[in-house]
There are 2 protein chains.
Amino acid sequence: MAEVLVVDDDLTVREVVVSYLRAGGHDVQEAGDGEAAIRAMRAKRADLVVLDLMLPGLDGLEVCRQLRESSDVPIIMLTALGAETDRLVGLRLGADDYVTKPFSPRELALRVDSVLRRVGQRTPKGSTVTDGDLVVEPGEHTATLAGTPLVLTVREFDLLRFLVANPREVWSREALLREVWGWSFGDQSTVTVHVRRLREKVEADPRRPARLVTVWGVGYRWEPR
Amino acid sequence: MAEVLVVDDDLTVREVVVSYLRAGGHDVQEAGDGEAAIRAMRAKRADLVVLDLMLPGLDGLEVCRQLRESSDVPIIMLTALGAETDRLVGLRLGADDYVTKPFSPRELALRVDSVLRRVGQRTPKGSTVTDGDLVVEPGEHTATLAGTPLVLTVREFDLLRFLVANPREVWSREALLREVWGWSFGDQSTVTVHVRRLREKVEADPRRPARLVTVWGVGYRWEPR
DNA sequence: GCGAGTGGTCACACTCTCGTAAGGATTGGC
DNA sequence: GCCAATCCTTACGAGAGTGTGACCACTCGC
């Protein structure tokens, strides 16, 4: 499915994580410290890196920065519980997600899939998504409705693309925060507001949504034509 | 808050754990060995299982594996101190977390809450359920009758899905409160009212129910086509 | 710096849902 | 046919969930 690099100095953690990711259909490489991680990435680019923050030698933040210099591979950070500062710094340095220790390997595997899904969609060569008279072109970052172009902000565009690409399915605000925003935390009202703004531009009658539909008590769903 | 199944052969341990979890607002079932645990889960699926590794008869690992075959209920393992191997195997078999004995019951309660929080973020989208011209799609949160979509509220939807997924069987109001509402107490007339509302939307002639049938003095039953 | 555009947060109003209660209708036993 | 138990029906208010508008922080180009 994807090539994942797991970086942790604890052999036990590594084994568990690796076996889980393998079971999930991924190819996995391992590294026990920062230098090994950098070397591994030079030798063979992974599609995603799971990176412990506490490492002997080069620590996780440093590894993260160095990786970011030469690639924008998605990175999931493993941080100690409650290390709020680490988390913030990690995200700022370019981590795509973080998981606090002690974590469940099942949870980590889910996060890995989620991040890969999200990143896979932001590749420039992403394919055009359409629904009736609506056309979304990720490559050109444009969307047209019945031929007339829509003026969308980046977030609105991402949200629209995600929903149109995954129609009929109900997405909770929380899931949308994960899938579109790439957050595993945050205020859900953010989603509400963006949905409203998007409706204003996409729906014929924003007061009575026909395509971006509310599922009461659950979330939102894109109703295809 | 949640339905927790505690599996341990030591009565003392069980009592302490149970009283702590109850104090934390959870409903708790108990099992003294592996067979009882499996039976308990068959009869009534819990939201989380606390599972001792050392059990008479079926041991914890075996129970874990069997549970995993039919469900992805979160599992917290109780292991002896330093049994690194056990922990590894446990995690690999699908445990979500582990606590080493001797443990403080308070810590265990915290772990339980933590795992429930994490898992709660996941959207467990069940599989499609059908009965004749009726199709229930949990992922899309839609139900269609002969092709035309039904407009159902969350409760109505949950109730319908449960009944269609468990046809022919008679369900008491009490059982439905447990299974669909997740309550272990409450006013049974709640069920009555929701059954009526559901009939209004699902039955051809709500006055003469043909599919969601009343079993007098017992409860309700879904009569499949 | 300055202004325009974007994005996240908040408060408030509104809508929808759900549980409850109360009275009427049915059922089954006698 | 009568009575008690059970079930159906209806209406309503509390509370949760959602929509809306406004505000402020931030970024980026000029």
Side-chain angles (χ1 to χ4, degrees), chain A residues 88 91-92 141-143 149-163 170-203 205-221, chain B residues 120 123 141 143 150-160 162-163 170-203 205-221:
Chain A
L88 282 179
L91 286 176
R92 191 163 295 165
H141 210 274
T142 58
L150 294 173
V151 181
L152 300 176
T153 69
V154 178
R155 278 272 189 265
E156 287 163 1
F157 183 83
D158 288 346
L159 180 57
L160 178 62
R161 178 182 47 182
F162 180 81
L163 288 172
V170 181
W171 297 94
S172 68
R173 283 149 223 276
E174 203 175 349
L176 289 173
L177 272 180
R178 264 203 316 276
E179 300 291 337
V180 177
W181 274 256
W183 297 352
S184 28
F185 54 95
D187 191 343
Q188 307 200 351
S189 69
T190 295
V191 178
T192 312
V193 172
H194 279 271
V195 164
R196 191 193 106 228
R197 289 173 178 158
L198 188 53
R199 277 175 176 161
E200 207 68 43
K201 300 181 179 180
V202 169
E203 292 280 359
D205 181 1
R207 298 299 177 103
R208 284 175 182 66
R211 313 180 90 174
L212 210 178
V213 183
T214 300
V215 181
W216 235 84
V218 185
Y220 298 101
R221 174 179 58 213
Chain B
T123 50
H141 208 273
L150 297 174
V151 180
L152 300 175
T153 70
V154 179
R155 279 269 189 272
E156 288 162 2
F157 185 84
D158 289 346
L159 180 57
L160 178 62
F162 179 81
L163 289 172
V170 182
W171 296 94
S172 69
R173 283 150 224 276
E174 198 185 346
L176 289 173
L177 273 180
R178 261 207 321 275
E179 300 292 337
V180 178
W181 273 255
W183 297 353
S184 42
F185 56 94
D187 190 343
Q188 308 200 349
S189 70
T190 294
V191 178
T192 312
V193 172
H194 279 272
V195 164
R196 185 190 112 56
R197 290 173 179 156
L198 188 53
R199 278 174 175 162
E200 204 69 41
K201 300 180 178 179
V202 170
E203 292 281 359
D205 181 1
R207 298 300 176 99
R208 285 175 185 67
R211 311 180 91 173
L212 209 178
V213 183
T214 300
V215 181
W216 229 84
V218 186
Y220 299 100
R221 175 181 58 207

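All values below were derived from every heavy atom in this structure, side-chain atoms included, with hydrogens, water molecules and symmetry-related copies excluded. Proteins get letters first, then strands, A, B, ... in listed order; numbering begins at 1 in each.
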Rounded to the Å, how far apart are [X] [atom1] and [N] [atom2]?
X: A:Leu212; N: D:dT18; atom1: CG; atom2: C1'; answer: 14 Å
X: A:Trp171; N: D:dT18; atom1: CH2; atom2: P; answer: 17 Å
X: B:Arg196; N: D:dA11; atom1: CZ; atom2: C1'; answer: 11 Å
X: A:Arg208; N: D:dT20; atom1: CZ; atom2: P; answer: 11 Å
X: A:Asp158; N: C:dT6; atom1: CG; atom2: C1'; answer: 13 Å
X: A:Leu159; N: C:dG7; atom1: CG; atom2: P; answer: 11 Å
X: B:Glu200; N: D:dC8; atom1: CD; atom2: P; answer: 13 Å

Check nucleotides 26-30 of chain D for protein N or O atoms closer than 3.5 Å to its own N or O atoms and list the pairs.
none

Inset, instruction - State the CZ-CG distance between A:Arg161 and A:Asp158, to the nearest 0.5 angstrom. - result: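 One finds 5.0 Å between CZ of A:Arg161 and CG of A:Asp158.
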For [N] and [X] - does any side-chain N or O of the residue sit under 4.0 Å from the phosphate oxygens OP1/OP2?
X: B:Arg199; N: D:dT9; result: no
X: B:Tyr220; N: D:dT6; result: no
X: B:Arg207; N: D:dC8; result: no

Inset, instruction - Could you check B:Leu198, B:Val193, B:Val191, B:Thr192 and say which one makes a side chain to side chain contact (heavy atoms under 4.5 Å, CB included) with B:Val195? - result: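 Answer after filtering B:Leu198, B:Val193, B:Val191, B:Thr192: B:Val191.
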Legend entry - Which atom of A:Pro209 lies closest to which atom of A:Arg199, heavy atoms considered: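 Nearest pair, atom of A:Pro209 first, then A:Arg199: CG-NE, 3.4 Å.
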Inset, instruction - For A:Leu160 and A:Ala143, work out which heavy atoms get closest and say how close. - result: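 Nearest pair, atom of A:Leu160 first, then A:Ala143: CD2-CB, 4.2 Å.
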Legend entry - Under 4.0 Å protein heavy-atom contact, by nucleotide of nucleotides 17-28 of chain C - B base, S sugar-phosphate only: SBBBB-----B-
Inset, instruction - Among residues two or more places apart or on two chains, list those pairs meeting salt bridge (Lys or Arg N to Asp or Glu O under 4.0 Å) that have a residue in residues 187-197 of chain B. - result: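 Every pair satisfying salt bridge (Lys or Arg N to Asp or Glu O under 4.0 Å) with a residue in residues 187-197 of chain B: B:Arg196-B:Glu200.
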Legend entry - Backbone N/O of B:Arg208 and side chain of B:Glu203: donor-acceptor pair under 3.5 Å: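 Side chain of B:Glu203 to backbone of B:Arg208: no pair is present.
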Legend entry - Between A:Arg155 and A:Thr190: side-chain donor-acceptor atoms closer than 3.5 Å: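 There is no such pair (donor and acceptor under 3.5 Å, judged by atom type) between the side chains of A:Arg155 and A:Thr190.
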Legend entry - A:His194 vs A:Trp181, ring pair (Phe, Tyr, Trp, His ring centres under 6.0 Å): CA-CA, chis, key distance, verdict: CA-CA 11 Å; A:His194 279 271; A:Trp181 274 256; 5.4 Å; yes
Inset, instruction - Evaluate the side-chain proximity of B:Trp171 to B:Leu159: yes if any heavy-atom separation is below 4.5 Å, no if none is. - result: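 The answer is no, as the side chains (C-beta and beyond) never meet within the 4.5 Å cut-off.
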